[in-house]
Amino acid sequence: MSYFIIVNGEVIDGKEINLSHLLLNNRVEICQKCWFGFGGIPLLNKNLERLEQQLEAVNIPLPDFFQNKREVFRVTKRMLNKNMFYRSGIVRFTIFMQKKQVTSIITSHAFKTFDFSFPVDGILVNYSSFKKQGDNQLNLYHFFNQPLWDAALAQLKDTYYLNSIFLNENHSACDCINANIFFIHNKTLITPSLKTGCFNDTIRNIILKIAAEINLKVVESENIQPEDILKMNEIFIAGEESGMHWVMGVESKRYVHHYSIAIHEKLNAYLKNIAV
């Protein structure tokens with residue numbers, strides 16, 4: 001069965017192109033992953049803006065194809081249809097720069113679910129042994145975090161933990177592997193501020209707005225210490241690629257599961273409403 005990808009704006013059969021020169025030789029690689037579902041790509045424009053920001057951070061020019069967001073949507077939908085990906089999944093936009101030559105590749109991966117995922121079972125998380133530097137602006141972007149995420153995932157092998165909380169140089173909570181983290185204490189939703197060095201996923205601000213809509217007070221904090229986390233009532237993590245997960249426990253501490261259900265329902269309603 002053929003698997004279709006987009007190379008420099010053109011939909012092609014993946015079997016018809018050899019990309020080994022990009023994978024085997026030295027290159028700079030910038031990636032942005034975008035959820036699709038409800039018949040569209042709801043956060044496409046936000047993700048393309050984030051892709052452009054990443055490229056600007058490392059002084060790589062935005063390929064001409066990405067200048068026209070309508071065309072990017074049209075061609076990407078064509079790829080998804082040719083791959084028969086009709087439910088939900090992830091589109092991966094990757095820009096390679098090798099010897100001043102820029103190549104763009106768009107690939108896709110399908111999920112079995114129709115909506116933005118939120119598994120019934122909670123997850124256990126621990127604290128990563130790796131620390132983040134809060135004053136590094138590159139922490140906002142996917143390409144800078146990916147090596148850290150890969151290393152943290154490797155540490156979780158053969159453990160019960162499925163994710164890790166990163167702390168910064170001030171021992172304050174930042175984020176998790178490929179996701180932002182949200183704490184609920186009484187009727188307040190608390191999340192690490194961007195000044196902590198947390199990853200800025202496209203879902204983050206949407207969740208903050210939804211929390212306010214269901215009458216939760218929203219606080220972005222620079223100083224969420226591990227001892228503060230012990231006092232929380234509920235914790236969940238969320239990322240466009242990883243979906244939402246409620247945290248059953250942080251190491252030996254256990255938590256309830258309540259507001260995250262309502263937030264997930266409203267998040268799906270929002271994504272469905274803006275799907276194009």
Side-chain angles (χ1 to χ4, degrees), residues 43 46 50 53 57 116 118 122-142 144-145 148-149 152 161-264 266-267 270:
L43 301 177
K46 290 182 182 295
R50 193 64 53 82
Q53 290 167 3
F116 193 78
F118 190 35
I123 64 171
L124 295 176
V125 306
N126 66 358
Y127 291 101
S128 175
S129 64
F130 302 118
K131 295 292 188 292
K132 301 186 77 171
Q133 284 296 125
D135 60 354
N136 192 330
Q137 289 298 307
L138 294 179
N139 281 316
L140 297 172
Y141 304 122
H142 184 282
F144 189 76
N145 285 280
L148 180 66
W149 294 340
Y161 302 113
L162 296 181
N163 211 309
S164 295
I165 299 173
F166 293 107
L167 306 175
N168 64 16
E169 72 276 17
N170 298 319
H171 215 54
S172 298
C174 299
D175 49 25
C176 289
I177 300 170
N178 205 13
N180 289 114
I181 187 165
F182 303 87
F183 306 96
I184 296 175
H185 183 256
N186 296 332
K187 291 189 176 182
T188 300
L189 181 142
I190 309 165
T191 195
S193 76
L194 297 180
K195 292 182 180 179
T196 63
C198 75
F199 172 57
N200 189 18
D201 191 90
T202 47
I203 290 294
R204 181 179 180 273
N205 281 340
I206 297 171
I207 287 179
L208 297 184
K209 292 178 182 178
I210 290 173
E213 290 173 2
I214 62 173
N215 298 318
L216 287 173
K217 180 182 178 182
V218 174
V219 174
E220 298 181 62
S221 175
E222 295 180 45
N223 190 34
I224 305 171
Q225 299 288 308
E227 53 265 33
D228 299 319
I229 293 174
L230 291 173
K231 301 173 185 177
M232 300 298 175
N233 305 122
E234 183 173 358
I235 303 174
F236 65 94
I237 65 175
E240 193 165 352
E241 179 184 2
S242 55
M244 276 185 66
H245 294 270
W246 72 276
V247 176
M248 180 172 60
V250 177
E251 296 185 342
S252 61
K253 172 68 177 179
R254 296 296 178 263
Y255 299 90
V256 301
H257 178 33
H258 176 62
Y259 282 106
S260 53
I261 299 173
I263 291 172
H264 175 251
K266 279 192 164 288
L267 176 58
Y270 172 82

Tell me, please, which residues at least two apart from Arg204 pass salt bridge (charged side-chain N to carboxylate O under 4.0 Å, His left out).
Glu220

Do you know which two heavy atoms are closest between Ala152 and Ser128, and how far apart they sit?
CB-OG, 4.3 Å

So OG of Ser252 and CG of Leu124: to nearest 0.5 Å the spacing works out to 10.5 Å

Is there a donor-acceptor contact under 3.5 Å from the side chain of Asn136 to the main chain of Gln133?
no

Under the criterion side chain to side chain contact (heavy atoms under 4.5 Å, CB included), I'd like the reasoning laid out for Asn180 against Ile237: C-alpha separation, chi angles, the key distance, then a yes or no.
CA-CA 6 Å; Asn180 289 114; Ile237 65 175; over 6 Å; no

Would His245 and Phe116 satisfy ring-ring contact (aromatic ring centres under 6.0 Å, His included), going step by step from the backbone distance to the final call?
CA-CA 11 Å; His245 294 270; Phe116 193 78; 9.5 Å; no

Which heavy-atom pair separates Ala238 from Ile203 by the least distance, and what is that distance?
CB-CG2, 4.2 Å

Going by heavy atoms in the side chains, are Ile184 and Ile235 under 4.5 Å from each other?
no

List in chain and number order the residues that pass side-chain hydrogen bond (donor to acceptor under 3.5 Å, both in side chains) with Ser193, two or more places apart in sequence or in another chain; answer none if no residue qualifies.
none

Report yes or no: does Asn168 contribute a side-chain atom to a donor-acceptor pair with the main-chain N or O of Thr196 at less than 3.5 Å?
yes

Say you draw a straight line from CG of Leu140 to CG of Asp201; how long is it, rounded to the nearest 0.5 Å?
11.5 Å

What verdict does the side chain to side chain contact (heavy atoms under 4.5 Å, CB included) test give for Tyr270 and Ile206, after you've listed the backbone C-alpha separation in whole Å, the side-chain angles of each residue and the deciding distance to 0.1 Å?
CA-CA 9 Å; Tyr270 172 82; Ile206 297 171; 3.6 Å; yes

Please name all residues satisfying side-chain hydrogen bond (donor to acceptor under 3.5 Å, both in side chains) with Asn233, sequence neighbours left out, ordered by chain then number.
none

Sequence neighbours excluded - ring-ring contact (aromatic ring centres under 6.0 Å, His included) pairs with any residue from residues 165-185:
Phe182-Phe236

NE2/His264 to CZ/Phe118 distance, rounded to the nearest 0.5 angstrom?
6.5 Å

With ring-ring contact (aromatic ring centres under 6.0 Å, His included) as the rule and sequence neighbours excluded, what pairs involving residues 191-216 come up?
Trp149-Phe199

For Lys46, does the NZ atom have more than 12 heavy-atom neighbours from other residues, nucleotides or ligands under 6.0 Å away?
no

Between Ser164 and Asn126, do the side chains contain an N or O donor and an N or O acceptor separated by less than 3.5 Å?
yes

Non-hydrogen atoms of Ala179 and Gly239 that approach each other most closely
CB-N, 4.2 Å

Any pair with a residue in residues 182-194 that passes salt bridge (charged side-chain N to carboxylate O under 4.0 Å, His left out), sequence neighbours left out, goes on the list, sorted by first then second residue, please.
none

All heavy atoms of Asn139 vs all of Gly197, minimum pair found to be CB-O, 3.1 Å

Do Glu169 and Lys131 come within less than 4.5 Å of each other through their side chains, counting heavy atoms only?
no

Under the rule for side chain to side chain contact (heavy atoms under 4.5 Å, CB included), what residues qualify as partners of Thr188, not counting sequence neighbours?
Ile190, Lys217, Val219

Let's go through Ile263 and Ile207 carefully: what are the C-alpha distance in whole Å and the side-chain angles of both, what is the deciding distance for side chain to side chain contact (heavy atoms under 4.5 Å, CB included) to 0.1 Å, and is it a yes or a no?
CA-CA 7 Å; Ile263 291 172; Ile207 287 179; 4.2 Å; yes

dist Ile224:CD1 -> Asn170:CG (nearest 0.5 Å) comes out at 13.0 Å

What are the two closest heavy atoms between Asp175 and Cys198, and how far apart are they?
OD2-CA, 3.2 Å

Pairs satisfying salt bridge (charged side-chain N to carboxylate O under 4.0 Å, His left out), at least one member in residues 226-250, at least two apart
Lys33-Glu241

With a 3.5 Å distance limit and no angle check, can you tell me whether Thr191 reaches the backbone of Ile181 through a side-chain donor-acceptor pair?
yes

Please name all residues satisfying ring-ring contact (aromatic ring centres under 6.0 Å, His included) with Tyr141, sequence neighbours left out, ordered by chain then number.
none

Between CG of Leu194 and CG of Asn205, what distance do you get to the nearest 0.5 Å?
7.5 Å

N/O donor-acceptor pair under 3.5 Å between Ser242 side chain and Asn178 backbone
yes

For Ser172, check side-chain hydrogen bond (donor to acceptor under 3.5 Å, both in side chains) against everything at least two apart and list the hits.
Asn223, Gln225

Does a side-chain heavy-atom distance below 4.5 Å link Met248 with Tyr255?
no

Mind checking what makes side-chain hydrogen bond (donor to acceptor under 3.5 Å, both in side chains) contact with Asn145, not counting sequence neighbours?
Lys132

Restricting to pairs with a member in residues 248-263, which pass salt bridge (charged side-chain N to carboxylate O under 4.0 Å, His left out), not counting sequence neighbours?
none

CG of Leu138 to CG of Asp135: how many Å apart, nearest 0.5 Å?
11.0 Å

